[in-house]
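Note that this is a predicted model, so its numbers are computed, not measured. What's counted below: heavy atoms across the whole structure, side chains too, no hydrogens, waters or symmetry copies.
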Amino acid sequence: MIAGKILSFQFVRFLVVGVANTLVGLSVIFAAKYFLEVRDVLANAIGYAVGICVSYTLNSRWTFAYQGNWVPAVAKFLVATGIAYAANLLAVVAAISVLNLNTYLAQAMGMPVYTVTAYLASRYIVFRKVDGVG
């Protein structure tokens, strides 16, 4: 039953938002580096901050059609994003140190872990509908 929900149209929308978010974030990073000559760490932070804003906005409005209070939703979204990143990092480190996988393959294996964790947290915690709201 959970597999059916994960592979729903809503999940497809979540993936589309993820692709858009990635393209916007990378564009901001590259623009900051190229046009503003910003160093890597700062450019990365700016790009990720913009990407998180894009992700929250598109997911709350388009993916989940959330109509609840945005303040707690933003806080939950930031926590969910942090948890998804931690799950990703754990999967990558485990793939490298326990399974002895190539580091590039390990990085790729971490992406679905992040995506599924972020989706489930967004659907059931951040943007969940309560009494017909949200």
Side-chain angles (χ1 to χ4, degrees):
M1 180 157 182
I2 288 181
K5 290 192 182 249
I6 290 174
L7 298 175
S8 68
F9 185 65
Q10 187 178 59
F11 185 68
V12 172
R13 284 184 175 200
F14 187 81
L15 293 176
V16 169
V17 169
V19 170
N21 166 46
T22 300
L23 293 174
V24 169
L26 277 175
S27 296
V28 169
I29 291 168
F30 293 164
K33 287 178 57 55
Y34 185 79
F35 295 112
L36 304 176
E37 298 179 5
V38 173
R39 300 185 88 160
D40 288 307
V41 172
L42 181 57
N44 186 275
I46 293 167
Y48 268 82
V50 170
I52 286 171
C53 291
V54 167
S55 180
Y56 174 83
T57 301
L58 293 178
N59 278 314
S60 66
R61 294 181 182 180
W62 185 57
T63 305
F64 298 102
Y66 184 71
Q67 296 179 2
N69 189 337
W70 68 271
V71 175
V74 167
K76 290 178 193 175
F77 184 78
L78 292 174
V79 170
T81 299
I83 290 169
Y85 175 73
N88 166 281
L89 191 57
L90 181 63
V92 169
V93 169
I96 294 167
S97 61
V98 176
L99 301 176
N100 294 317
L101 291 182
N102 173 286
T103 58
Y104 292 97
L105 180 58
Q107 291 288 346
M109 287 182 62
M111 294 176 71
V113 172
Y114 176 93
T115 302
V116 170
T117 303
Y119 174 73
L120 293 173
S122 293
R123 179 180 172 118
Y124 295 108
I125 298 169
V126 179
F127 302 118
R128 79 182 172 113
K129 294 183 188 295
V130 179
D131 297 327
V133 177

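- Inter-residue side-chain proximity for I46 and V28 is flagged as met; some heavy-atom pair is nearer than 4.5 Å.
- Across every non-hydrogen atom of R13 and W62, the tightest pair is NH1-O, 2.7 Å.
- Note that CG of L42 and CD1 of I29 are 10.5 Å apart. Values are rounded to the nearest 0.5 Å.
- Under the 3.5 Å distance criterion, the side-chain polar atoms of N88 are matched with a main-chain donor or acceptor of G110.
- For the atom pair CG of N102 and CE of M109, the computed distance is 11.5 Å after rounding to the nearest 0.5 Å.
- Counting all heavy atoms, side chain and backbone alike, L23 lies closest to S27 at O-OG, 2.7 Å.
- Contact detail for R123 and S8: the closest heavy-atom pair is NH1-OG, 4.3 Å.
- Follow the hydrophobic side-chain contacts under 4.5 Å out from Y85 and you never reach F77; the two are in separate clusters.
- When every heavy atom of A43 is checked against every heavy atom of V38, the shortest pair comes out as N-CG1, 3.4 Å.
- The CZ atom of R39 sits 9.5 Å away from atom NZ of K33, with the distance rounded to the nearest 0.5 Å.
- Considering every non-hydrogen atom in both A87 and T117, the closest pair reads CB-OG1, 3.9 Å.
- The hydrophobic cluster containing L101 does not contain M111, counting ILVMFWY residues as joined when their side-chain heavy atoms lie under 4.5 angstrom apart, directly or transitively.
- From K76, atom NZ reaches atom CD1 of I83 across 12.0 Å, with rounding to the nearest 0.5 Å.
- A single hydrophobic cluster is seen to contain both L58 and V24, as judged by linkage of ILVMFWY side chains at heavy-atom distances under 4.5 Å, directly or through other members.
- Contact of the T115 side chain with the L15 side chain is registered, since non-hydrogen atoms from C-beta on lie closer than 4.5 Å.
- A chain of hydrophobic side-chain contacts below 4.5 Å, direct or via other Ile, Leu, Val, Met, Phe, Trp or Tyr residues, connects L120 to F11.
- Cluster membership check: V92 does not share its hydrophobic cluster with L90, using side-chain heavy-atom separations under 4.5 Å among Ile, Leu, Val, Met, Phe, Trp and Tyr.
- A distance below 6.0 Å separates the ring centres of F127 and Y56.
- Annotation: side chain of V50 is not in contact with side chain of C53 (no heavy-atom distance under 4.5 Å).
- The shortest distance between side-chain heavy atoms of Y48 and T81 does not fall below 4.5 Å.
- Under a 3.5 Å cut-off, the side chain of S60 and the backbone N or O of T57 do form a donor-acceptor pair.
- Side-chain atoms of I96 and N100, non-hydrogen and from C-beta on, never get closer than 4.5 Å to each other.
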Could you go step by step and tell me if F14 and F64 meet the side-chain contact (heavy atoms from CB on, under 4.5 Å) rule? CA-CA 9 Å; F14 187 81; F64 298 102; 4.0 Å; yes
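- Looking only at distances, no side-chain donor or acceptor of N44 sits under 3.5 Å from a matching main-chain atom of D40.
- Looking at every heavy atom in both residues, V126 comes nearest to A80 through CG2-CB, 3.8 Å.
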